[in-house]
Every structure is written in structure tokens, then in C-alpha cells.
There are 2 protein chains.
Amino acid sequence: MTAESTTGKRRYHHGDLKAALLEAAEAVLAEKGLEGFTLRECARRAGVSHAAPKHHFRDVGHLLTVLATLAFQRLNAAMGHRKSMIESQDARAVLQAIGEGYIAFAADNPHLFNLMFNCALLDNQDPELTAESEAAFKELARSVAAVRDVDDAMTDEAGRLDVVLMWSVVHGFSQLFIFGQFEIGRGEDESREAWLQRLSRQLMARLLALY
Amino acid sequence: MTAESTTGKRRYHHGDLKAALLEAAEAVLAEKGLEGFTLRECARRAGVSHAAPKHHFRDVGHLLTVLATLAFQRLNAAMGHRKSMIESQDARAVLQAIGEGYIAFAADNPHLFNLMFNCALLDNQDPELTAESEAAFKELARSVAAVRDVDDAMTDEAGRLDVVLMWSVVHGFSQLFIFGQFEIGRGEDESREAWLQRLSRQLMARLLALY
DNA sequence: GCTCCTAACTTTACGGTGACAAGATAAAGC
DNA sequence: GCTTTATCTTGTCACCGTAAAGTTAGGAGC
């Protein structure tokens, strides 16, 4: 792909700079966080000059918007994967899987999660971004509808409320977990991963007691 | 206090620059958001040179940490106020009031809420900040304990889970509401405030059905 | 009153940032 | 081969946070 990897010499034309910049951006985001994110650092890692990104992205907000769109795709994939992993496709089990998938994605990609839901630089009018974001929402709403045994959860007031509740729980938990607010109740002999898995499972189960 | 307000002339010594900077900081945060926040803009609004803040705050992170500490105090006050407003001190009514207070604060001060829970520049080791943050958490845990009719909600596993659930709901809802993710289900004839009030009330009521 | 000390603030400077304009280069089309 | 065009570089600008050094004013001791 990039000639550099084979010849070791830098070409004037990168080859696939757009993808390379997005990859670099995610790495920078993971290392430095949103406040430490800089476009120039991305360019540096991709091995190009500081002005090179301009040709592929309008500005830093545009790059982040595209990255967030990809992140939403991965969130959707994560939820879908969890859903496909369970044997019984019982509505309650599906909802549980969707919720755990949401939380697992957030815990695995805290920097991306933060980007998706807490970045003022994002262009929320961007059609591709909103499409992916709505897809995530609809996946969740569909699961709630199934548990309520209706076609569309958003048609009646009670259904809408349950979707809001469900989303709030998984989102709030993810956020607070990432921020480290729950560390108090963690046993010392338990790994962070195991603890998260247990907690998210219990949380969803408790919530399902409403039905 | 500041001589400027009475004489109209700028003094070399401000008088109460620390407070003035914090006030300016909140205004800047409200206008420009966290990504548009600059220390120099704060200094400008306080009518001092760009290096003046250095004497009162180590760096930009320190200023934001102090501001976040004040914000947590206000969150605690908001919850306490809601709690004091209800006539019956029934445990369920109290929990409902606490939750609604949390959400109301977030909706009224989205910029501060974002600062408190989504800013990597904050010094989470700061004792004053952690003290206020823990106070908020304890207020919530206490309300959950009362509903469960126990002294301390954090002693048993089920109690801890309910605290986590409760916090996740109010926090996640606040976050998503601020981000505008719930605009879909809003009637056009309803004001944003009335809608929020109704929604948060219903949300807490639905959650209380667990008990 | 005076002097001295020190905290509060200003000025100046440095490296880094995003955005923009203009120039250089290579790849692709004819 | 020649031209066109997209891609990338260099150079510049205003602005940022931080630091060092200089300036001012308020207060303590006399």
C-alpha cells in the first residue's frame, strides 16, 4: 500500500493518506485524549507534512467526525456480535446482550466513546454520522420493543420511556465506569475485566426485573 | 471590592482576581465549550494580562479543577434543595427528588456538567474535588439505602448494584439529554423545560417500580 | 512620616497549534 | 511526450499555554 513500508524511502505521494490519518488519529486519541489531540501530531505519525491533511479533511472537526462515524459502526458491530453469540434468541436475552455489548465497547474504547458523545468539534449535521448514530439507537429500541412484545417501541409513551431508560442506563454506566467512579465496589482479587462483565450482567438483569 | 467598578480606572492590583477568573472561566466555558476554552480569554475578561492567572492557578488544569469543585458544590446544593422542597419525606419521594435534582442541574449547567465528568485536564487527585464528588455520591447512596430500608446501601452486593443503577440512570439521561439525543420524542407544543420535567419525573417513577 | 519587603501584576519570549496561500511534485490522461 | 490535475510541501499568520524577568503597590516595622 504505502511504498514506504517496502522501500523504506518516503514517497511524495503517500498512497492512502486518508486511511493512514484516521489510523493515526485513533492512536493519538487513545494516547493523549481529546484535549491532547492535535492534527499536526496525526500528520507526523502518518509521515507527512502538517498541511497534508487539509486535502482529505476540511479541518480537525471533519477528521474527528469521520472517525466518530467509524466508531459508531464499530459500536453497532459490537452489539450485533454479542447478540449473535447467544444461543437462545429470547427477547430478554437479546436485550441483555445488546446492553452488555454497548458497555463492552465503551470499556474497550474509552477514547472513542468520549469522542462520540462528548466532542463539541463533531459535526452533528453530518449525514453519515447521524445515520450510524441512529442505527445504534434503533438497534436498542428494537430490543426494547421485543421485550415489550410490540412492533415499535416508539409509538406509545410507555415504550419511549423504556427506551430512554434503557439507553440512559447503559450509557451512564459506561460513562461512569470509564471515568473510574465505580472503583470503590471492586474486590481486590478480581480483574477489571471480570468485574466489569459481572457488574454489567447484574445491572442488565436487575433492569429486566421491570418486565 | 474591585476599584475599577467605582472609579472606572484600572488598578494594577485587581483586588479579587481569583474569584474574577473563576467567574470569567464559567462564562467562557458556557460560550465556547471545553474545546474552545482558553486561559488567555479568561484573563482578558477579568481585565488583566494573560500571565496574571499564573499567580492564582498553577495551570489551566488547576483553574478547571477549582471550577469543577465549585460545580460539584452546586450540584449537591441543587439536590439538597429539591429534597427540601417536597412535603412528605417518604424515602421513595426523596430518591425521586434527588434524581430529578441531579438531572435538573445537568440540564441547567450543561457546560459545567461536561467539565465535571468529561475533562481530562482535571486533577482527580485533588482532595477538595474528590471530597465534593464523593459528597454527591453519598447523597445518592443514602437515598437508595432509605428506599431499601437499610442503614448503608454499600454493605451488601444488591445494595451496591442499586446505587450503581440509580447513578447510571440519572447520569446517562443527563448526558444524553444535553447531547440532544432525546429530541425525537418531544412534542412540538411542549417547551423544553416542561418536557424535561415530565420526562425525568416519569423516568424516576419507572425506576422506582423496582421496589 | 519613611524604608523595605513581598505579593500581585505586566512585559517579553518560546515552542506548539490550526488554518491558509502559494509553490513543488508525481501520477494520470491524452 | 506533453499537459492537466490531484497530492503533498513550505512558509506564514494569529493564537495558545507556560516561563522568566521586570514593574508596581500595599503592608509591616520603625
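Order of the sequence lines fixes the chain letters, A, B, ..., with proteins taken first and strands second; residue numbering starts at 1 for each chain.
Comparing C:dT17, C:dT11, C:dA19 against the side chain of A:Thr38 picks out C:dT17 as the nearest. With C:dG18, D:dT9, D:dT7 as the candidates, the nucleotide lying closest to the side chain of A:Leu39 is C:dG18. Of the candidates C:dA19, C:dC20, D:dT18, C:dA19 carries the atom nearest the A:Asp59 side chain, counting heavy atoms from C-beta on.
Listed by chain and residue number, A:Glu193, A:Ala194 satisfy the side-chain contact (heavy atoms from CB on, under 4.5 Å) test with A:Ser191 (two or more places apart in sequence, or in another chain).
Comparing A:His50 and A:His56 by the nucleotide of DNA chain D whose heavy atom lies nearest to each, the residue mapping closer to the 5' end is A:His56. In terms of position on DNA chain C, the residue among A:Lys54 and A:Arg44 whose nearest nucleotide sits closer to the 5' end is A:Arg44.
Taking the six-membered ring for Trp and thresholds of 30 and 60 degrees, A:Phe117 and A:Tyr102 have ring planes inclined between 30 and 60 degrees apart. Using the six-membered ring where Trp is involved, B:Phe182 and A:Trp167 have ring planes that are perpendicular, over 60° apart on the 30 and 60° scheme.
Atom NZ of B:Lys18 is separated from atom C1' of C:dA7 by 14 Å (rounded to the nearest Å). Atom NZ of B:Lys32 and atom C1' of D:dC15 are 12 Å apart (whole Å). Straight-line distance from the CZ atom of A:Phe57 to the P atom of C:dC20: 16 Å, rounded to whole Å. Computed from coordinates, the B:Arg40 CZ to C:dT11 C1' distance equals 11 Å when rounded to whole Å. Across the protein-nucleic acid pair, A:His55 atom NE2 and D:dT9 atom C1' stand 13 Å apart, rounded to whole Å. The interatomic distance linking B:Leu64 (CG) with D:dT18 (P) rounds to 10 Å, in whole Å.
A 4.5 Å side-chain heavy-atom check between B:Gln175 and A:Asn118 finds at least one atom pair inside the cut-off. Between B:Leu165 and A:Leu207, the closest side-chain pair of non-hydrogen atoms falls below 4.5 Å. The side-chain heavy atoms of A:Gln181 and B:Glu134, taken from C-beta on, include no pair separated by under 4.5 Å.
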For A:Arg148 and A:Asp156, run salt bridge (charged side-chain N to carboxylate O under 4.0 Å, His left out): C-alpha distance rounded to whole Å, both residues' side-chain angles, the deciding distance at 0.1 Å, then the answer.
CA-CA 11 Å; A:Arg148 288 176 59 81; A:Asp156 65 315; 3.0 Å; yes
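Using five terminal pairs a side, the axes of the helix from C:dG1-D:dC30 to C:dC30-D:dG1 at its two ends make an angle of 10°, given in steps of 10 degrees.
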